[in-house]
Every structure is written in structure tokens, then in C-alpha cells.
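Report on the following structure.
From a predicted model like this one, the values you see are computed outputs, not experimental measurements.
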Amino acid sequence: MKNITTYYSSWDWLPWSVIALTVAVCLLSVMAVNVLLAIIMTALFVMIEVGAFLSTYYVISGDELKVHSSFRVTTYPIAAIREIKPTNSWLAAPAASLSNRIAVTFTRESGLNRSVPLIISPSRQTEFIRRLQSINPEIDIKVPGTQTS
């Protein structure tokens, strides 16, 4: 039986600001026309956004890292991970945080054809990185406080 662990994407100010902006735009743009329509539109868009943010999570299952983002699931071999380092990248990524992101780089030999690293923001980041490194000890970890001996 595979040992499966789930790590949800950490939240910072990003999801909250997106939700607040949606509420403001929906209410202000439609309120003058129809209050009920404004409330319904706002509730619908907020539910979609919250659902999208909550459906972003990462699963370590056996020797695979599965990245769930809304309706899309992408699987990566943990053996192909070369490096993990912190990043402040604003690239679109399956991450609900901008301040707690890590960049996962894969080996060229992996056949993944990735020219940019995988940007994710797992909660319990130290545990997440240590779990990956327990499966692939060759991963070069450049995140402070996560190096193992």
C-alpha cells in the first residue's frame, strides 16, 4: 500500500485580495441596475474563486508528486526532481500564495520537457520538502530550515 500525504496550498493575501476585488467589481458594476442580480453574481463568482483556491493541493503518493489545480491533475516523478528553492515569482502557478512559494526544478533527463520550474506553495512546507527528500535524497534543497543530514 502506498503512503499518501496531502498538502493544501498555503494562503496569504493573494486569494483574499482576488475575492475582495471580485466583490467590489460585481457589486459596483451591477448594483445600479439590479441589486438582486449584483448579489447573485457576486456570490456565484466568489464561490467559483474559493472553489478554485481550495482545490489547489499536492499529493505525495509513493514515488509521485501529484499537483491538483481545479479540475487538472498533473503527475511528476519525484526521482526527477533536481532542486527545490524559494521563489518570489509572479508566474501563473498552481499556488494560492505569492509569499510562500517554492520552485521545483526537474532534471533534463526526466523527459518532462519543462523549461521553467514548477511553482507551488504547500502548507507545512518543511514537512513537504523533507518528505520529498526522503524519497529522493539527491534533491538539492535551498530552502532555509529544511536541510536534512
Side-chain angles (χ1 to χ4, degrees), residues 1-27 29-30 39-149:
M1 176 180 244
K2 291 184 181 179
N3 188 2
I4 299 172
T5 309
T6 301
Y7 299 87
Y8 288 91
S9 185
S10 63
W11 283 40
D12 60 6
W13 58 269
L14 175 68
W16 299 112
S17 62
V18 169
I19 291 167
L21 180 65
T22 299
V23 169
V25 168
C26 286
L27 289 178
S29 64
V30 185
I39 292 170
I40 292 170
M41 277 182 48
T42 302
L44 179 66
F45 283 123
V46 167
M47 285 189 305
I48 290 169
E49 288 174 348
V50 168
F53 285 122
L54 289 176
S55 66
T56 301
Y57 61 98
Y58 322 102
V59 176
I60 298 175
S61 175
D63 59 354
E64 296 178 330
L65 170 61
K66 296 180 181 179
V67 177
H68 295 254
S69 182
S70 295
F71 299 109
R72 184 174 184 202
V73 179
T74 309
T75 302
Y76 301 94
I78 295 172
I81 298 174
R82 182 186 68 192
E83 177 184 76
I84 299 175
K85 64 182 179 181
T87 184
N88 292 322
S89 173
W90 282 61
L91 286 175
S97 169
L98 281 177
S99 61
N100 194 29
R101 289 180 165 199
I102 55 175
V104 179
T105 307
F106 296 90
T107 61
R108 292 183 186 259
E109 299 81 30
S110 66
L112 292 174
N113 295 329
R114 292 193 61 89
S115 59
V116 293
L118 171 65
I119 309 285
I120 56 177
S121 64
S123 59
R124 303 182 347 250
Q125 191 177 90
T126 301
E127 177 188 327
F128 176 82
I129 292 171
R130 286 185 178 156
R131 178 90 195 288
L132 290 175
Q133 196 171 38
S134 73
I135 297 166
N136 178 2
E138 300 299 315
I139 299 174
D140 183 16
I141 307 296
K142 296 188 176 174
V143 179
T146 57
Q147 286 77 12
T148 57
S149 339

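- I78 contributes atom CD1, which lies 6.5 Å from atom CG of D63 (distance to the nearest 0.5 angstrom).
- Legend: residues meeting salt bridge (Lys or Arg N to Asp or Glu O under 4.0 Å) with R82, ordered by chain and number and at least two apart, are absent.
- Rounding to the nearest 0.5 angstrom, the gap separating the CD1 atom in I102 from the CD1 atom in I129 is 4.5 Å.
- The heavy-atom pair separating P86 from V143 by the smallest distance is CD-CG2, 3.7 Å.
- A distance of 8.5 Å separates CD1 in I139 from OG in S134, rounded to the nearest 0.5 Å.
- Side-chain atoms of L118 and T74, non-hydrogen and from C-beta on, never get closer than 4.5 Å to each other.
- Residues meeting the side chain to side chain donor-acceptor pair (under 3.5 Å) test with T22, sequence neighbours left out: E49.
- If you take OG1 on T105 and CD1 on I84, they are separated by 9.0 Å, rounding to the nearest 0.5 Å.
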Side chain to side chain contact (heavy atoms under 4.5 Å, CB included) between Y58 and S121, intermediate numbers included: CA-CA 9 Å; Y58 322 102; S121 64; 3.8 Å; yes

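- The backbone N or O of Y7 lies less than 3.5 Å from no partner atom in the side chain of R124, so there is not a single donor-acceptor pair.
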Chi angles and distances behind the side chain to side chain contact (heavy atoms under 4.5 Å, CB included) call for F128, T5: CA-CA 9 Å; F128 176 82; T5 309; over 6 Å; no

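- When the side chain to side chain donor-acceptor pair (under 3.5 Å) test is applied to T56, no partner is found at least two apart in sequence or on another chain.
- Between F45 and V25, every side-chain heavy-atom pair lies at or beyond the 4.5 Å cut-off.
- Here the closest heavy-atom approach between residue R101 and residue L91 is recorded as NH1-O, 2.9 Å.
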CA sep, side-chain torsions, deciding dist, call: L54, Y8, side chain to side chain contact (heavy atoms under 4.5 Å, CB included): CA-CA 8 Å; L54 289 176; Y8 288 91; over 6 Å; no

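- In this structure, P94 and I120 have side chains that are in contact, with non-hydrogen atoms separated by less than 4.5 Å.
- When every heavy atom of A103 is checked against every heavy atom of T87, the shortest pair comes out as N-CG2, 3.8 Å.
- No side-chain donor-acceptor contact under 3.5 Å links Y76 to the backbone of I81.
- With hydrogens and angles disregarded, no donor-acceptor distance shorter than 3.5 Å links the side chain of S70 to the backbone of R72.
- To the nearest 0.5 Å, atoms OG1 (T42) and CE (M47) are separated by 11.0 Å.
- For S10, the side chain to side chain donor-acceptor pair (under 3.5 Å) partners are N100, not counting sequence neighbours.
- Looking at residues two or more places apart in sequence or on another chain, you find no salt bridge (Lys or Arg N to Asp or Glu O under 4.0 Å) involving D12.
- For I40, the side-chain contact (heavy atoms from CB on, under 4.5 Å) partners at least two apart in sequence or on another chain are L36.
- With a 4.5 Å cut-off on side-chain heavy atoms, T107 and E138 do not count as touching.
- Rounding to the nearest 0.5 angstrom, the gap separating the NZ atom in K66 from the CD1 atom in I4 is 7.0 Å.
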